[in-house]
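To start, the structure under review is shown below, and the notes come after it.
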4 protein chains.
Amino acid sequence: MPNSGRKERERTRHRQEILAAAENVFVRKGFFNTTMSEIALAAEFGMGTIYQYFSSKEELYTTLILEKAEAIMDVLTLATRKSSDPVDKIKDMITEQMKIFEESKGFIRLMAAEFDSPTSPEETRSQLRSGVQSTYQRFLEANEKIFLEGIRLGVFRNFPPRKMAVALQGIINGFVNEWVRSGFQESLSGNTDFIIKIFLDSVEIPPDQKKK
Amino acid sequence: MPNSGRKERERTRHRQEILAAAENVFVRKGFFNTTMSEIALAAEFGMGTIYQYFSSKEELYTTLILEKAEAIMDVLTLATRKSSDPVDKIKDMITEQMKIFEESKGFIRLMAAEFDSPTSPEETRSQLRSGVQSTYQRFLEANEKIFLEGIRLGVFRNFPPRKMAVALQGIINGFVNEWVRSGFQESLSGNTDFIIKIFLDSVEIPPDQKKK
Amino acid sequence: MPNSGRKERERTRHRQEILAAAENVFVRKGFFNTTMSEIALAAEFGMGTIYQYFSSKEELYTTLILEKAEAIMDVLTLATRKSSDPVDKIKDMITEQMKIFEESKGFIRLMAAEFDSPTSPEETRSQLRSGVQSTYQRFLEANEKIFLEGIRLGVFRNFPPRKMAVALQGIINGFVNEWVRSGFQESLSGNTDFIIKIFLDSVEIPPDQKKK
Amino acid sequence: MPNSGRKERERTRHRQEILAAAENVFVRKGFFNTTMSEIALAAEFGMGTIYQYFSSKEELYTTLILEKAEAIMDVLTLATRKSSDPVDKIKDMITEQMKIFEESKGFIRLMAAEFDSPTSPEETRSQLRSGVQSTYQRFLEANEKIFLEGIRLGVFRNFPPRKMAVALQGIINGFVNEWVRSGFQESLSGNTDFIIKIFLDSVEIPPDQKKK
DNA sequence: TATGAATGAGCTTTCATTCAT
DNA sequence: AATGAATGAAAGCTCATTCAT
């Protein structure tokens with residue numbers, strides 16, 4: 001079946017084009033202020049065509065967030081694999097996160113919205129909760145494990161690992177917020193070193209004490 | 001004229017009742033999924049009455065967030081006045097913030113939404129931005145000053161004060177998020193000591209080194 | 001009952017004040033775009049008070065037009081009593097009409113509206129129809145009689161008197177329209193002589209032929 | 001592409017159907033008492049469909065009046081081209097006007113309303129004023145020119161041509177009003193001869209004096 | 001008698017979704 | 001498979017009218 005392959009590829013490409021167009025519009029105008037015909041226009045498809053790929057505005061939105069969140073999380077998880085030292089893993093993760101966020105301005109805002117606000121209809125929310133949340137949770141858990149490992153190896157202080165993960169992610173989000181608030185003026189990744197320092201200073205056990 | 005006073009008091013009370021009802025509904029369903037008639041129903045007033053106190057759905061929403069944000073910030077600012085020691089000021093501020101947030105669950109979610117995502121109509125957003133943001137900024141600046149003072153007195157390390165403020169607020173928000181995410185299961189203020197510890201450990205100059 | 005007399009006079013005065021305020025607003029904004037609270041404000045009464053004098057917005061409007069129309073018609077009818085010569089009666093009537101219209105700009109527009117447009121709710125319309133229309137009809141009929149008398153006396157040509165009345169009133173209204181359209185720039189009564197001339201030239205039997 | 005032609009024709013037809021239905025309802029109930037759903041019902045379309053052809057109730061109303069006014073004026077202007085004799089031109093114009101008005105009862109009432117009274121919202125009014133007025137003015141000016149030419153040729157008396165145009169149009173409107181008022185009982189065009197006679201008798205210079 | 005806060009039916013308008021082509 | 005005209009439920013908001021003070 002040589003033909004069906006091409007058709008399928010074309011379908012996949014169309015789907016991606018629609019998602020890309022939708023992301024653009026959603027980021028600019030938010031879920032409720034975006035109309036399906038705007039998306040259709042941006043995607044250069046007829047409105048009916050959108051509905052052949054996504055059964056509703058909500059499904060389109062949910063898919064968009066979920067797929068992108070998954071992709072980001074994959075990159076971050078990968079970043080923590082480069083080194084085997086827990087301290088380096090955390091450093092890599094911080095560095096990579098700042099880079100990724102810096103590259104996906106608009107999307108970050110969309111995702112943040114879904115975490116924090118009761119904006120979308122109930123069904124969407126629960127889908128997103130179980131989707132994005134579980135992605136986010138998986139990620140926090142991954143960091144938790146790094147901290148746990150670090151504690152075992154005596155490189156991290158004996159704080160509750162979950163709380164460490166939450167605090168670190170909080171600091172990162174704090175700078176992301178500040179960056180969003182500033183209208184993306186200053187560099188986001190310029191804060192990487194400060195974050196690493198302020199966080200590790202209280203969490204890492206200094207090498208000299210370690211050796212002891 | 002004792003009568004005119006009563007009328008005015010009644011007007012103020014009605015206004016508060018409407019705001020309270022609106023907060024309830026907005027928190028549960030978000031700006032767009034809340035209808036004015038739902039608010040009217042919740043406030044036990046006719047729909048027209050709502051419009052005698054607030055000229056539009058947007059104004060009601062904006063007022064709601066702005067007034068509450070202002071009130072919270074006032075309490076927090078006050079909390080930092082109890083002690084004159086910068087370290088104690090920061091401790092008090094963290095403690096007070098955890099308490100206030102714990103008491104205003106729903107509102108926190110609304111405000112978080114407004115910070116992070118383009119959910120409400122454009123005009124509302126810009127009003128909120130300039131309103132809430134300026135409140136928030138004033139607050140960050142207040143903390144900045146505490147850090148600055150602490151650096152001068154040699155009790156805080158010589159980090160950029162703004163960044164310290166951002167990082168600290170980030171940690172706090174991280175735990176607030178986690179708490180929201182958990183459905184308000186665990187105690188929020190139970191994290192107060194951990195936050196104080198993890199933050200001050202890297203930022204405070206230990207008393208023994210200070211004496212030097 | 002010396003007191004009841006004062007009360008009654010006061011009631012009548014209030015009624016007139018309300019009517020005057022209402023006329024002002026209606027003329028500026030039209031029936032539908034005028035709100036009762038605007039009228040109350042303009043009359044310097046509470047809204048409830050308006051309803052003690054007029055049972056509805058429509059009744060107020062209807063009363064306004066009817067009373068004013070009646071008053072104008074009275075003046076005009078009076079004007080035709082000064083002379084006993086039919087030709088002079090018509091001249092006086094034209095002259096007086098131009099003067100009155102010139103003095104009551106706004107009202108003219110209101111009244112004109114009621115003649116020509118199906119704008120008000122059905123009930124109002126029928127009241128106005130039977131009210132203003134009958135006033136207007138009475139007036140046309142009065143002129144008809146003058147023409148009839150003039151024909152009998154041999155000073156007017158033997159045209160159908162009703163048609164003469166209609167044509168004359170049409171000419172007058174034509175100039176009133178032109179005047180309204182011009183934004184009340186040129187003098188309205190400046191057209192009096194022309195109207196008299198153009199109309200009488202074809203309708204009056206010249207004195208020399210009359211003598212015959 | 002024979003198909004795209006059909007679609008366009010269908011669109012035009014639908015537009016006309018909506019306009020026709022709207023005219024019907026507006027004429028019966030006036031601008032404010034007409035609801036969009038009544039129009040939709042009358043047009044046998046969904047309410048949303050109306051809004052695909054006209055962006056608002058006001059635009060629909062404005063378009064309706066302007067297009068029809070334009071069409072009528074076109075016919076009238078054409079009528080004055082049949083003959084080259086100014087007197088005949090005026091006669092033709094009167095005759096044609098009575099015929100057209102007789103055929104467009106309802107519309108006449110709408111237009112009359114717009115000329116004389118502030119019934120529709122302010123924005124609509126000003127659009128209509130500048131639209132209908134300019135059409136009407138163009139028409140008055142056309143007649144003015146006929147009178148001017150007639151004066152030059154010595155067939156009309158030396159009256160100000162503008163005033164003659166105003167007076168003639170006034171007479172015509174007078175009969176139209178009478179006809180409207182009578183509920184369209186008597187024939188309107190039955191008055192044509194009388195109008196021609198009463199107007200020309202005072203304005204036309206009789207052929208015997210002309211020859212001189 | 002005078003008031004004006006409270007009311008809610010009813011309006012215009014939007015937009016996700018469908019379906020005949 | 002792709003289209004986009006048609007749909008109509010549902011929203012925000014207004015304002016004539018009422019009635020407790």
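Chain naming here is simple, since letters A, B, ... match the order of the sequence lines and numbering starts at 1 in each. Computation of the quantities below employed the complete heavy-atom set of this structure, encompassing side-chain atoms and omitting hydrogens, waters and symmetry-equivalent molecules.
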To the nearest Å, give me how far apart [atom1] ([X]) and [atom2] ([N]) are.
{"X": "B:Asn33", "N": "F:dA11", "atom1": "CG", "atom2": "C1'", "answer": "12 Å"}
{"X": "A:Glu8", "N": "F:dA1", "atom1": "CD", "atom2": "P", "answer": "12 Å"}
{"X": "B:Leu41", "N": "F:dA11", "atom1": "CG", "atom2": "P", "answer": "13 Å"}
{"X": "A:Phe32", "N": "E:dC15", "atom1": "CZ", "atom2": "P", "answer": "12 Å"}
{"X": "B:Glu59", "N": "F:dG12", "atom1": "CD", "atom2": "P", "answer": "15 Å"}
{"X": "C:Lys7", "N": "E:dT1", "atom1": "NZ", "atom2": "P", "answer": "7 Å"}
{"X": "C:Met36", "N": "F:dT14", "atom1": "CE", "atom2": "C1'", "answer": "15 Å"}
{"X": "D:Lys29", "N": "E:dG10", "atom1": "NZ", "atom2": "C1'", "answer": "13 Å"}

Could you say whether D:Gly46 or B:Thr34 is positioned toward the 5' end of DNA chain F, judged by the nucleotide with the nearest heavy atom to each?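 Result of the comparison: D:Gly46.
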Taking the side chain of [X] as heavy atoms from C-beta outward, which of [options] is closest to it?
{"X": "C:Thr49", "options": "E:dT3, F:dT3, F:dA6", "result": "E:dT3"}
{"X": "A:His14", "options": "F:dA2, E:dT7, F:dA6", "result": "F:dA2"}
{"X": "A:Thr35", "options": "F:dA6, E:dT12, E:dC15", "result": "E:dC15"}
{"X": "B:Gln52", "options": "E:dT12, E:dA2, E:dT7", "result": "E:dT7"}
{"X": "C:Met47", "options": "E:dA16, E:dG4, E:dA2", "result": "E:dG4"}
{"X": "B:Lys57", "options": "E:dT12, F:dG12, E:dA16", "result": "F:dG12"}

Could you go through C:Phe45 and C:Ile39, starting from their C-alpha distance and side-chain angles, then the distance that decides it, and tell me whether this counts as side chain to side chain contact (heavy atoms under 4.5 Å, CB included)? CA-CA 9 Å; C:Phe45 281 109; C:Ile39 293 175; over 6 Å; no
May I ask you to say what [X] touches in the nucleic acid, namely base, sugar-phosphate or nothing, with a heavy-atom cut-off under 4.0 Å?
{"X": "D:Ser55", "value": "nothing"}
{"X": "D:Ser56", "value": "sugar-phosphate"}
{"X": "A:Arg11", "value": "sugar-phosphate"}
{"X": "B:Phe54", "value": "nothing"}
{"X": "D:Glu10", "value": "nothing"}

Using heavy atoms to find the nearest nucleotide of DNA chain E for B:Ile50 and C:Gly48 separately, return the residue whose nucleotide is more 5′.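 Looking at the nearest nucleotide for each, C:Gly48 comes out on the 5' side.
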Salt bridge A:Arg28-A:Glu38, side-chain N to carboxylate O under 4.0 Å: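 No, A:Arg28 and A:Glu38 are not salt-bridged.
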Quick check with a 6.0 Å cut-off and a 45 degree axis cone: is C:Lys57 positioned over the face of C:Phe26's six-membered ring? no
Of the non-hydrogen atoms in D:Leu64 and D:Ala22, which two are nearest, and what is the gap between them?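 That closest heavy-atom pairing would be CD2-C, 4.2 Å.
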Heavy-atom closest pair, residues A:Met36 and A:Ser56: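 The answer is CE-C, 4.4 Å.
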Base-pairing assignment for F:dA6 (Watson-Crick or G-U wobble, both under 3.5 Å):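 Matched F:dA6 with E:dT17 under the 3.5 Å cut-off.
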Below 4.5 Å, heavy atoms only, C-beta onward: do A:Leu19 and A:Tyr53 meet side chain to side chain?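 Side-chain contact under 4.5 Å: no.
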For a quick test of reading the model: is some side-chain N or O of B:Tyr53 closer than 4.0 Å to OP1 or OP2 of E:dA6?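 For E:dA6, OP1/OP2 do have a side-chain N/O of B:Tyr53 under 4.0 Å.
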